[in-house]
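Read the structure below first, then the notes.
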Amino acid sequence: MFGSSLTYQHEFSERVRVGLVGCGGQAFRNIIPSFRFAPIELVSTCDPIPGRAARFAADYGAASSYTGLNEMLESEQLDAVLLATGYGEDHRPTHPEHARTAMAAGCHVWMEKPAAAAVRDIEAMHDQAERTGSKVAVGLMKMFSPAVTKVRQITRLAEFGQPSTFYLRDPELLPERRDDESLVWLLDHLPHPAALIHRLMGPISRISIERAHNGAAFVMLRFTSGASGVLHMPWGQSGMSPYERFEVVGEGANVVVENNTRITYYRPGHRGDEPAGYGRMGDYTSTLDAAPLHWETSQYSGQPYNANVFLHGYAQEIRYFAECVLHDRPVRVGGLADAWHVTRFFEAVRDYDSGFVDLKPGPEWTLPADEDAG
Ligand SMILES: NC(=O)c1ccc[n+]([C@@H]2O[C@H](COP(=O)([O-])OP(=O)(O)OC[C@H]3O[C@@H](n4cnc5c(N)ncnc54)[C@H](O)[C@@H]3O)[C@@H](O)[C@H]2O)c1
């Protein structure tokens, strides 16, 4: 969808009428800028902080603003609400409560991650969406990033073979105390690696964890596909270090992504013109058809692909949701089904004590969708 020519917001003939709920940092930095590449019309803004929603409305072209969600839903004819309200005083996400209110008013819903702190809240939203016919999407933007999209395409090639092992480094903190307040960082950040892992490797069937003294950890993973993997959470790394590196190994091929911007696909092959025994190779290169393939961003140009919203997948996820609403298509990537797996992974890591922990399979509606979205 995004490898071909982009459409600008003002070029779409039909647009989804949305209300933005939560005019904070994420709305300002990544959600509103994504509207410029989506069939979205920002109708209203909402935030309880006095003056904030009105200021956002004036700055970003909404006709009205409110300090409360109920008032906005009663006064406006909206197709969808976009929620970025974050956490309540109980340190749990407010998104489930606001999503339920919006669905009851007949709206479709897009919400920032984390969708919830408990699988039962995801299931309740799913049940309600089934009753109201609402489309519900969650901001699992990594599922839409160009790097993850390309790796998914590669790992599904016959020549790659079945993915066998996987690893991802991403500095997360597993606190010693596991109460809601201490867990906010993990709850807030784990959706990113969890979404990436789920998109590329599918459901997890078993975990075990080695936690270091400072909350850094290795989370060992077994997938229902038969593959195994590890999430390295290098809490304690330098603030100057990149966050992310990941690799999928297949059967005779592997693909590596560095810092979300450099992808190397090691295609099936060998060094030299033909296979040769150890001690008989004088050339470390290969024939051209077996050479690794490499992509990286070009920081020279003003192309949208250099923009934060495209590198991370924000523009893609917002447009995908808007198009699902406009064309009455189910949200099959980054919907409640994927959020169920992400939330279950959070619960499993949070509740981990010792040994191997088997995770029960999800309900049928949570089966991963075979759909391209990036
Ligand atoms: N995907 C990402 O990369 C990413 C990055 C940052 C934040 N986020 C997510 O976005 C969400 C918001 O984070 P943030 O950094 O913008 O927080 P923030 O505190 O800057 O903004 C939240 C805003 O929501 C408003 N709000 C709170 N309760 C409300 C209510 N009942 N109705 C309307 N508005 C309400 C607050 O007044 C505030 O302006 C969080 O869930 C966070 O995890 C995602």
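Numbering of ligands and ligand atoms starts at 1, following listing order.
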Test item, Met111 contacting ligand 1 (heavy atom, 4.0 angstrom): no

Hydrophobic cluster membership, Ile209 vs Phe218, 4.5 Å side-chain cutoff: no

Side chain to side chain, Lys135 and Pro330, heavy atoms closer than 4.5 Å: no

Carboxylate-amine/guanidinium contact Asp188 Lys113, below 4.0 Å: yes

Nearest protein heavy atom under 4.0 Å from atom 10 (O) of ligand 1, yes or no: yes

Atom indices of ligand 1, in the order listed, that fall short of 4.0 Å to a heavy atom of Ile49: 37 (O)

Heteroatom distance test (Arg29, ligand 1): nitrogen or oxygen, under 3.5 angstrom: no

Sub-4.0 Å protein heavy atom near atom 19 (O) of ligand 1: no

Centroid-centroid distance, Tyr60 to Phe35, less than 6.0 Å: no

Nearest-contact summary for atom 21 (O) of ligand 1 - protein heavy atom, Å: Gly24 CA, 3.2 Å

Any donor-acceptor N/O pair, Asp79 side chain to Val16 backbone, under 3.5 Å: no

Residue-ligand contact His95/ligand 1, heavy atom below 4.0 Å: yes

